[in-house]
Engineer: 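Got a structure for you, written out below as structure tokens; questions coming shortly.
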Amino acid sequence: MEVQSGSQESKPVGTFEILHEDRHTGARAGRLWTQHGVIETPVFMPVGTQATVKSIEPRDLHEMQAQVVLGNTYHLLLRPGMEIMETCGGLHKFMGWNKPILTDRGGFQVFSLSGLRKIKPVGVEFQSHIDGARFFMGPKESMAVQRILGSDIAMCFDECIPYPCDEAYATNAVRQTLKWAKTCLEQPRAEGQLVFGIVQGGEFTELREYCATELAAMGFDGYAVGGVSVGEPEPFLLKGIRDGLRKLPWEKPHYIMGLGDLWQMSEAVRLGSDMFDCVIPTRNARNGAAFTRDGVYPVKAGEFKADLRPVEVGCDCPCCSNFSRAYIRHLLNVGEILGVRLLTLHNLHVYHKFMREMREAIFADGFKDWQEEQTRRLRCGDARTRGGK
RNA sequence: GGUGGUUUACCGAAGUGGCCAACCGGGGCAGACUGUAAAUCUGCUGGCUUACGCCUUCCUUGGUUCGAAUCCAAGAGCCACCA
């Protein structure tokens with residue numbers, strides 16, 4: 001089937017076009033055609049684990065020009081459950097979002113809920129974090145759930161290992177991941193649903209290269225690098241990305257899972273990555289952190305008690321256009337939900353703008369300079385005093 | 001005017017002779033957060049110190065005691081009832 005883009009063009013679902021490659025780096029700007037529309041890359045995908053990007057709604061997402069959001073297999077299977085999801089006609093209809101959705105496969109919960117599961121050859125025995133009920137999820141179950149969810153991009157069920165992790169364990173996890181990837185690929189899917197394979201391998205270069213090579217041979221619609229940003233020091237994180245990308249087909253979309261530090265994303269783009277997701281801008285907003293192009297700062301801090309400047313000077317998001325730091329700080333400190341919502345809007349706005357600028361810089365063959373400038377600001381800038389008085 | 005009660009750190013509130021620089025809430029401050037068990041979690045919240053520790057504290061003053069936030073006396077503030 002074919003999809004229409006903003007212009008009158010149309011291409012088959014699953015097509016990934018690299019529109020331009022930066023002349024001086026590995027960065028590229030592209031377009032991924034999905035069942036629910038075109039995704040322009042590099043792209044940041046807000047995380048909407050439980051069928052909502054916490055505290056905001058689709059209208060907000062459209063306004064900030066979000067192109068695709070995440071949903072989570074594990075969490076949505078537990079609640080509301082697939083019977084209801086089927087009745088409601090899938091995740092798009094259920095949550096009122098008509099643009100692309102990528103569903104995470106529940107494999108991350110193998111990592112994040114490590115105390116509540118047992119890994120077996122055919123899948124993972126989970127114990128629900130809600131009521132303790134035991135249930136099983138393997139590649140087949142995960143894909144079945146993602147089919148019902150009807151996401152545009154389904155992720156392969158895999159084993160995400162922690163950091164640190166010894167080589168023997170990592171090797172075994174890669175073996176498992178590859179076996180499950182093959183099974184996933186054989187499962188029935190929703191109409192137009194793409195499937196991405198996930199490279200694991202921890203900090204071990206050969207393992208990651210091996211995993212990537214094997215996955216590439218299976219022929220996925222796109223590829224993800226997983227097992228990064230699981231608490232490892234930044235040099236290991238970047239190494240994991242480089243190792244993961246090295247053997248992947250260059251012409252397919254590259255998704256770095258869970259990566260959400262602005263500078264780290266720019267670095268990953270420089271190496272040839274296209275897609276990112278992360279809870280940082282949303283979760284940290286709820287915890288009072290304001291993201292700016294000059295770094296992060298806690299708006300909750302007392303020094304902003306009477307600060308009339310917007311959260312970020314020069315920002316045109318709904319939060320900064322209308323409200324002061326003093327007000328946002330007040331809302332957060334008295335526990336008013338509006339504070340959380342406004343700061344979430346701001347942070348996501350910053351993220352999306354960052355991605356759009358990256359894309360422009362790539363088209364202009366100026367990615368290197370752009371990134372250097374951003375690095376200076378993000379890592380050495382003073383977020384708190386941005387814009388002077 | 002009389003009788004009874006009460007007074008603890010920013011607020012509330014434990015503690016009623018040594019284990020008390022004083023439990024616990026709230027508030028305040030700081031930090032953490034990378035595919036969401038997260039509008040969460042951690043630390044600090046008398047002074048000086050990185051810390052060990054030292055110093056000054058539980059309304060005020062005086063006393064009892066080896067030792068007092070804790071017991072006694074007087075005073076002050078607040079509360080209740082009686083006149």
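Residue numbers begin at 1 in each chain, while the letters A, B, ... track the order of the sequences.
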Engineer: Among B:A37, B:U36, B:G31, which nucleotide sits nearest the side chain of A:Val279?
Structural biologist: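 The nucleotide sitting nearest to the side chain is B:U36.
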
Engineer: Answer yes or no: is there a donor N or O on one side and an acceptor on the other, between the side chain of A:Asp274 and the main chain of A:His254, under 3.5 Å?
Structural biologist: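 It does hold such a pair.
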
Engineer: Please test A:Met218 against A:Leu178 for side chain to side chain contact (heavy atoms under 4.5 Å, CB included), starting from the C-alpha separation and ending with a verdict.
Structural biologist: CA-CA 10 Å; A:Met218 294 181 207; A:Leu178 287 171; 4.0 Å; yes

Engineer: Report yes if a donor N or O on one partner sits less than 3.5 Å from an acceptor N or O on the other, where the partners are the side chain of A:Gln264 and the base of B:U34; otherwise report no.
Structural biologist: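 In this structure, the two groups form a donor-acceptor pair.
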
Engineer: Could you check which nucleotide pairs with B:G4 in any of the strands shown, counting Watson-Crick or G-U wobble with both distances under 3.5 Å?
Structural biologist: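 Across all strands, the one nucleotide that pairs with B:G4 is B:C79.
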
Engineer: Do A:Arg189 side-chain atoms and A:Arg147 backbone N/O form a donor-acceptor pair below 3.5 Å?
Structural biologist: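 Pair absent, no side-chain N/O of A:Arg189 close to backbone of A:Arg147.
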
Engineer: Would you indicate which nucleotide in B:C29, B:U36, B:A30 comes nearest to any side-chain atom of A:Arg329?
Structural biologist: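 Looking only at side-chain atoms, A:Arg329 lies closest to B:C29.
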
Engineer: Whom does B:C58 pair with, Watson-Crick or G-U wobble, provided both distances fall under 3.5 Å?
Structural biologist: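 Answer to the pairing question: none, since B:C58 forms no Watson-Crick or G-U pair.
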
Engineer: Apply salt bridge (Lys or Arg N to Asp or Glu O under 4.0 Å) to A:Arg23 and list each qualifying residue two or more places apart in sequence or on a separate chain.
Structural biologist: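 Per chain and number, A:Arg23 pairs via salt bridge (Lys or Arg N to Asp or Glu O under 4.0 Å) with A:Asp365.
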
Engineer: Select from A:Gly107 and A:Arg286 the residue whose nearest nucleotide in RNA chain B is closer to the 5' end of that strand.
Structural biologist: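 Upstream on the strand: A:Gly107.
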
Engineer: Just by distance, no angles: are the side chains of A:Tyr74 and A:Asp104 close enough, under 3.5 Å, to form a donor-acceptor pair?
Structural biologist: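 Their side chains do not contain a donor-acceptor pair, so the 3.5 Å distance test is not met.
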
Engineer: Under 4.0 Å, heavy atoms only, any strand: does A:Arg117 hit a base, just the sugar-phosphate, or nothing?
Structural biologist: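 Here A:Arg117 touches no strand at all.
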
Engineer: Less than 4.0 angstrom from a charged side-chain N to a carboxylate O is my criterion; do A:Asp316 and A:Lys353 meet it?
Structural biologist: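 Salt bridge between A:Asp316 and A:Lys353, a charged N being under 4.0 Å from a carboxylate O: no.
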
Engineer: Is there a residue in residues 233-251 of chain A whose heavy atoms reach under 4.0 Å of RNA chain B, and which residues are they?
Structural biologist: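 When residues 233-251 of chain A is checked for heavy atoms under 4.0 Å from RNA chain B, there are no hits whatsoever.
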
